S.K.: 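One structure is given below, represented as structure tokens, and several questions about it will come after.
Reckoned from all heavy atoms, side chains included, excluding hydrogens, waters and symmetry mates. So you know, we letter chains A, B, ... as the sequences are listed, proteins then strands, and number each from 1. Everything numeric in this text was worked out from a predicted model, so none of it was measured.
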Amino acid sequence: MADWVLIHIAVGEGSGGPSGISWSWFLDKIAPPLVAGLAIAIVGSYLLPRANERYKGQRENIDQTVDDLREQLLALQTVAATYWAAPPGPLSPIQEAEIEYRLQDINSLYQACAPEVGDISSNLVTQLALETVTADFGVPTRSPEPDRGRIIAVLAAKLASSAALERRRYFHESSLRRGWNMLKSKMKKRPPSKTGR
Amino acid sequence: MRSEHHVNVAEAFSRHPGGRYRKDGPWSGEEFRDAFLLPELEKHLRDGTTLVLDFDGVSGTPTSFLEEAFGGIFRAHPEWKLEDVEAALVIEAPSTPGLSAFLELARQYMVRAFSRLST
């Protein structure tokens, strides 16, 4: 009996044989979708976790960058207010160096999150730098300008809240987009109903 | 159409612009303005041509460097007009979009220094 089935498979006869099994029928009807399904499963199991990891990494990076930006803005407010409130003293050069460093850092962090997070205005960064480092900045004969601390604090707060707002919008939109894409792919895979419902 | 003369700051001056004054260390804004920018700008204003300063390749643009270099143009030459200088000087960094906010800052320093002297 076993020999007979083997012979049937070897010659590839059509269905209707005594065994009810046909190798050519199997190759024609079952094997292609089986192989395709297997290939999709293998590729999917490789790609999906990677895409997910990448998305997760991107989210964490943006989250961290915006947090760092807000921290730097807060630190800048404090040091700039101290610097402008008092006349030049022995600590002034150190404060000037710190203000310069923080402004450079704020610009880099802003640039790092701007393409992802979107519409934080670069004009705010320019305005903040313009008000923090004026023509009198670093001049040994400058007068104290206590009001400047308030102007800097307002601009820094605007930039910080704008960054937080844009981050929330980005996360909200990107999770909506992901949800929508998943839904669309599921709808495509589902076969059309015979009743049309 | 004004003819343009492109100068890369990283090659012609330094890749690492420094602080405000010469006493703050090498490659200061004061040094850039006096030794490089003002002589070039004077020539271009006289010839009716445009100096295009390209900041691609610099490691950063400290704000006090920018203030002293660009705001200082009008402190050194209060007789110059803002519109003439703006026509004769273009500041750009086409391959470094990260510098755009600070290059705008350089322009703002010129405007502020000019209006401070005019009032």
S.K.: Checking the side chain of A:Q104 only, and the main-chain atoms of B:T61 only, is there a donor and an acceptor separated by less than 3.5 Å?
M.R.: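 Yes, the answer is positive, given that a donor and an acceptor are paired below the 3.5 Å cut-off.
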S.K.: Start with the C-alpha distance between A:T132 and B:T63, add both sets of side-chain angles, then the distance that settles side-chain contact (heavy atoms from CB on, under 4.5 Å), and finish with yes or no.
M.R.: CA-CA 9 Å; A:T132 310; B:T63 44; over 6 Å; no
S.K.: Within the side chain of A:N107, is there an N or O that forms a donor-acceptor pair under 3.5 Å with the backbone of B:F102?
M.R.: no
S.K.: Are B:L51 and B:V111 grouped together when hydrophobic residues (ILVMFWY) are joined by side-chain heavy atoms under 4.5 angstrom apart?
M.R.: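 Same hydrophobic cluster.
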S.K.: Let's test your reading of the structure: which of A:A135, A:A129, A:G138 forms the most heavy-atom pairs below 4.5 Å with chain B?
M.R.: A:A135
S.K.: Check each atom of B:A113 against the heavy atoms of chain A and say whether the ones under 4.5 Å are side chain, backbone, both or neither.
M.R.: neither
S.K.: Is it true that B:L89 and B:W80 fall in one hydrophobic cluster, defined by side-chain heavy atoms closer than 4.5 Å?
M.R.: yes
S.K.: Among residues 25-48 of chain B, which ones touch chain A with a heavy-atom distance under 4.5 Å?
M.R.: none
S.K.: Pick from B:E104, B:R75, B:R116, B:E68: which one has the most heavy-atom pairs with chain A under 4.5 Å?
M.R.: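 Winner by heavy-atom pair count: B:R116.
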S.K.: Check the pair B:Y21 / A:V139 against side-chain contact (heavy atoms from CB on, under 4.5 Å), numbers first and verdict last.
M.R.: CA-CA 9 Å; B:Y21 299 123; A:V139 176; 3.2 Å; yes
S.K.: I need the minimum non-hydrogen distance between B:P97 and A:Q111, along with the two atoms involved.
M.R.: O-OE1, 3.8 Å
S.K.: In the hydrophobic clustering that connects Ile, Leu, Val, Met, Phe, Trp and Tyr at side-chain heavy-atom distances below 4.5 Å, which members other than A:Y46 occupy its cluster, ordered by chain and number?
M.R.: A:V43, A:L47
S.K.: Please examine the side chains of A:T134 and B:E67, heavy atoms only from C-beta on, and report whether any two atoms are closer than 4.5 Å.
M.R.: no
S.K.: Using 0.5 Å steps for rounding, measure from the OG1 atom of A:T126 to the CZ atom of B:R107.
M.R.: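 So the OG1 of A:T126 and the CZ of B:R107 are separated by 9.0 Å.
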S.K.: Is it true that A:L74 and A:I106 fall in one hydrophobic cluster, defined by side-chain heavy atoms closer than 4.5 Å?
M.R.: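 Each belongs to a different hydrophobic cluster.
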S.K.: In the single-linkage hydrophobic clustering (I, L, V, M, F, W, Y; side-chain heavy atoms under 4.5 Å), do A:L103 and A:I151 co-cluster?
M.R.: yes
S.K.: Distance check, rounded to the nearest 0.5 Å: B:R112 atom CZ versus A:L130 atom CG?
M.R.: 4.0 Å
S.K.: Are B:L82 and B:L53 connected in a single hydrophobic cluster, I mean Ile/Leu/Val/Met/Phe/Trp/Tyr linked by side-chain heavy atoms less than 4.5 Å apart?
M.R.: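 B:L53 clusters together with B:L82.
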S.K.: Decide, yes or no, whether a salt bridge links A:E100 with B:R20 under the criterion of side-chain N to carboxylate O below 4.0 Å.
M.R.: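 A salt bridge is absent here (no side-chain N lies under 4.0 Å from a carboxylate O).
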